[in-house]
Structures are given as C-alpha cells and as structure tokens.
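As structure tokens, the structure follows; a few thoughts come after it.
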Amino acid sequence: MNLVLGAVLLAIFPWFSDGVAATARTETLKSGGVGLLALVGIPITLALVAITVVGIPLSIAGAFVFALLLWVASVYGRFAVGAWLLSFANVENRWAALVVGLLVVFLVGLLPVLGGLVELAVLLLGLGALSIALYERYGDDGRSRSTGTGETAATR
C-alpha cells in the first residue's frame, strides 16, 4: 500500500514531493524536530478540542486526518531516504528513490529495536519535512514565500 500511495503522490504532486525530499535532506534536524512537535502536539490539541461537546466531532475528524497525514509523512520520509541514498550514486530518479526508500526502510525495520527506531526517525523526518513544505506553501497566507519555482506566492 505504501508503494501505491507513494506512486500516487509522485504522479500527482511531483514538484511538491521533490521539495519535501529536498527539505528532509537539507534541513534534517529541523525536519525531525518539527516532526516530533507535530507528532506530540497534534494529538494533544485534538484531545483539548474534544473536551467541548462541539469539539468532539471535530476531534474525531481531526484524528482521521492526522492518521492519513502520518501515513503520507511515512511514505515521504521513505522517499526522502531513498533520494538521499541514490544521491551517493548520482542517480536522480524519483521513482527509483521511492522504491529504494521503501525497500531499505522495510529491511532495516525487520531488525529488532534498531528497526523500530529507524522507522520512527523516518516518520519524524517525513512528518517534519511535509509540515515545513505545507507551511511554506500555504502558511501565513503565503505572503512572499518561495514556491520552489523562482516565483513567490504573492506573484502566483
């Protein structure tokens, strides 16, 4: 299923996907930190919203969206790992990066203890890079933010 989701993401959002992988590669610590904040902060926020009667349905819907976000972030994290690994061989193929990332993280994930830690790190990396990319694209009304194509959001 991860391969199917990754293929859909790469086919529909190729430039955004490349931007997420580039963010994960160039801002690794920032991506991991933002991912950790999102992984902890979003469930806490959803729990606080659920305290009110009106917030219960919003919180339930938010939990489903968060689960989908975690899945997408996990696939983007694996894609970023694959792109990083292929960069050592001077290969820039997003499809190969997806397959390599999925395969390598799966194989490392089979190792006891270390595998779980690597999968968590990849999830945090993907979640953080995805959050950063989404914020740069849509956050703060997108004023004077770069879209990665040389134009700013204000000139789109």
Between atom CD of E136 and atom CZ of F16, what is the distance when rounded to the nearest 0.5 Å?
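Here the interatomic distance stands at 9.5 Å.
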Nearest-0.5 Å distance, OG of residue S31 to CZ of residue R25:
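Answer rounded to 0.5 Å: 11.0 Å.
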According to side chain to side chain contact (heavy atoms under 4.5 Å, CB included), who are the partners of I12, at least two apart in sequence or on a separate chain?
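I12: side chain to side chain contact (heavy atoms under 4.5 Å, CB included) contacts with V8.
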Can you list the residues that meet the side chain to side chain contact (heavy atoms under 4.5 Å, CB included) rule with V104, with sequence neighbours excluded?
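Once residues adjacent in sequence are excluded, the partners of V104 under the side chain to side chain contact (heavy atoms under 4.5 Å, CB included) criterion are L85, V100, V108.
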In residues 66-77, what donor-acceptor pairs under 3.5 Å come from side-chain atoms, sequence neighbours left out?
residue : atom : partner : partner atom : Å
W71     : NE1  : N2      : OD1          : 2.7
S74     : OG   : R78     : NH1          : 2.5
Y76     : OH   : S17     : OG           : 2.9

Which residues pass the ring pair (Phe, Tyr, Trp, His ring centres under 6.0 Å) test with F64, sequence neighbours left out?
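For F64 there are no ring pair (Phe, Tyr, Trp, His ring centres under 6.0 Å) partners, ignoring immediate neighbours.
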I'd like to know if V20 and L102 are part of one continuous hydrophobic network [Ile/Leu/Val/Met/Phe/Trp/Tyr, side-chain heavy atoms within less than 4.5 Å].
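Hydrophobic grouping puts L102 with V20.
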Between L134 and L5, is there shared hydrophobic-cluster membership here, with clusters defined by ILVMFWY side-chain heavy atoms closer than 4.5 Å?
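Yes, because L134 and L5 connect within a single hydrophobic cluster, where side-chain heavy atoms sit under 4.5 Å apart.
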Pairs under 3.5 angstrom only: tabulate donor-acceptor contacts from the side chains of residues 40-57 to other protein residues two or more places apart or in another chain.
residue : atom : partner : partner atom : Å
T45     : OG1  : G41     : O            : 2.8
T52     : OG1  : V49     : O            : 3.2
T52     : OG1  : G55     : N            : 2.9

Give the table of side-chain donor-acceptor pairs shorter than 3.5 Å for residues 114-128, with sequence neighbours excluded, one pair per line with atom names and distance.
none

Test: salt bridge (charged side-chain N to carboxylate O under 4.0 Å, His left out). Region: [range]. Which pairs qualify, not counting sequence neighbours?
range: residues 29-57; answer: E27-K30
range: residues 105-118; answer: none
range: residues 79-92; answer: none
range: residues 101-116; answer: none

Locate the shortest heavy-atom distance separating [X] from [Y]; write the atom from each residue and the value.
X: A11; Y: P14; answer: O-CD, 3.8 Å
X: A97; Y: A83; answer: CB-N, 3.5 Å
X: F79; Y: D18; answer: CZ-OD1, 3.8 Å

Co-members of the apolar cluster containing V34 [side chain, <4.5 Å]:
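When side chains under 4.5 Å apart are linked, the cluster holding V34 also contains I132.
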Any chance you could pull the hydrophobic cluster mates of L110, using side-chain heavy atoms under 4.5 angstrom and chaining through other members?
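L103, F106, L107, which link up through side-chain heavy atoms under 4.5 Å apart, make up the rest of the cluster.
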Ring-face cation contact, W15 with R137, 6.0 Å cut, 45° max
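Cation-pi check for R137 and W15: fails.
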